[in-house]
Trainee: 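Starting off with a structure, shown below.
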Amino acid sequence: MSRPLSEDPGSGVRYDGAVDAEQLRRLIRDVPGFPTPEVVFKDITPVLRNGGALRAAVDLIGAPFRKSGVTMVAGIEARGFVLAPPVALALGAGFVPLRKQGKLPYRTRREEYLLEYGSDTLEIHQDAVGPGDRVLLVDDVIATGGTAGAAVRLIEGLGADLAGMGVLIELAFLEGRRALGADIELHAVVTYE
Ligand code: AMP
């Protein structure tokens with residue numbers, strides 16, 4: 001049985017039935033200075049460790065795309081791997097991983113994207129998605145949108161159709177939504193302005 005939210009020390013969240021987005025917001029923990037001094041890390045582990053909150057997070061990420069004909073849910077390493085598979089199950093779709101360079105065993109396509117300092121690379125198996133697929137991209141957080149942009153290029157580069165992107169958290173002040181472009185349907189469960 002999952003632990004009621006009211007037992008989560010310090011969350012201040014009362015559990016009486018369904019968990020809503022506001023309760024999820026109160027469970028997400030700010031960790032200032034991780035992994036580098038200037039970052040305030042949004043820690044979702046207090047959400048994941050509670051069955052009711054985890055269920056709500058998965059339901060709320062998938063809900064806007066219930067009628068989008070999604071055939072595949074693509075999760076971004078690493079925390080996207082936690083959320084994307086249950087969203088895929090809820091939508092009756094499959095799951096594909098988007099991984100950091102050198103982690104996927106088969107033939108891959110890669111996309112480089114810029115970070116504040118330097119760059120990073122995301123890869124997908126070349127047969128992961130293709131024409132006829134409607135792909136929902138899932139991650140825990142969208143910040144500047146650089147990672148998501150590379151993921152979109154990989155998915156569309158393989159000839160698949162992008163249904164949209166679902167995230168638990170949008171850091172709106174970093175304007176990732178604008179970087180992604182207005183033509184991409186982005187839904188966030190919790191937004192920080
Ligand atoms: P970005 O490419 O700037 O949109 O960053 C998105 C990726 O970095 C996601 O995969 C997130 O997991 C991670 N990320 C960026 N900022 C944060 C943050 N403040 N807290 C937690 N994860 C973050």
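Starting from 1, each residue takes its place in the sequence as its number. In each ligand, atom 1 is the first atom listed, and ligand 1 is the first ligand listed. No experiment lies behind these values; they were computed from the predicted model shown.
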Trainee: Should you measure from each heavy atom of Thr147, which atoms of ligand 1 turn up under 4.0 Å away?
Mentor: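 Those atoms are 1 (P), 2 (O), 5 (O), 6 (C), 7 (C).
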
Trainee: So is Leu171 close enough to ligand 1, meaning a heavy atom under 4.0 angstrom away?
Mentor: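 Heavy atoms of Leu171 do come under 4.0 Å of ligand 1.
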
Trainee: Quick check on contacts: which atoms of ligand 1 are under 4.0 angstrom from a heavy atom of Thr144?
Mentor: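 It comes down to these atoms of ligand 1: 1 (P), 2 (O), 3 (O), 4 (O).
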
Trainee: Are the side chain of Asp133 and the backbone N or O of Gly130 linked by a donor-acceptor pair below 3.5 Å?
Mentor: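 Checked: pair present.
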
Trainee: Given that the side chain starts at C-beta and the backbone is N, CA, C, O, which of these parts of Asp140 lies under 4.0 Å from ligand 1, counting heavy atoms, or is it both or neither?
Mentor: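 It is the side chain that touches ligand 1; the backbone stays farther off.
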
Trainee: Any sub-3.5 Å donor-acceptor pair from Arg177's side-chain atoms to His187's backbone N or O?
Mentor: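 Side chain of Arg177 to backbone of His187, a donor-acceptor pair under 3.5 Å: no, none is there.
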
Trainee: Short check: is a protein heavy atom less than 4.0 Å from atom 8 (O) of ligand 1?
Mentor: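 There is no protein heavy atom less than 4.0 Å from atom 8 (O) of ligand 1.
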
Trainee: Is any N or O atom of Ala143, backbone or side chain, closer than 3.5 Å to an N or O atom of ligand 1?
Mentor: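 Checking ligand 1 against Ala143, an N or O pair does fall under 3.5 Å apart.
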
Trainee: With a 4.0 Å cut-off on heavy atoms, does Gly145 reach ligand 1?
Mentor: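 Flag set, Gly145 near ligand 1.
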
Trainee: Taking atom CD1 of Ile124 and atom CG of Leu154, what is their separation to the nearest 0.5 Å?
Mentor: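 Atom-to-atom, Ile124:CD1 and Leu154:CG are 5.5 Å apart.
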
Trainee: Measure from NZ or CZ of Arg134 to the centre of the six-membered ring of Phe65 and say whether it is under 6.0 Å with the direction within 45° of the ring axis.
Mentor: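 No, Arg134 and Phe65 do not form such a contact.
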
Trainee: Hey, is Asp139 touching ligand 1 through its side chain, its backbone, both or neither, going by heavy atoms under 4.0 Å?
Mentor: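 Answer for Asp139: side chain.
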
Trainee: Find all atoms of ligand 1 within a distance of less than 4.0 Å from any non-hydrogen atom belonging to Arg79, and give their numbers and elements.
Mentor: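 Counting from 1, the qualifying ligand atoms are 11 (C), 12 (O), 13 (C), 22 (N).
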
Trainee: Start with the C-alpha distance between Thr121 and Glu111, add both sets of side-chain angles, then the distance that settles side chain to side chain contact (heavy atoms under 4.5 Å, CB included), and finish with yes or no.
Mentor: CA-CA 6 Å; Thr121 303; Glu111 273 288 335; over 6 Å; no

Trainee: For the pair Glu123 and Arg99, find out whether any cationic side-chain nitrogen is under 4.0 Å from an anionic carboxylate oxygen.
Mentor: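 No, no charged N to carboxylate O under 4.0 Å.
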
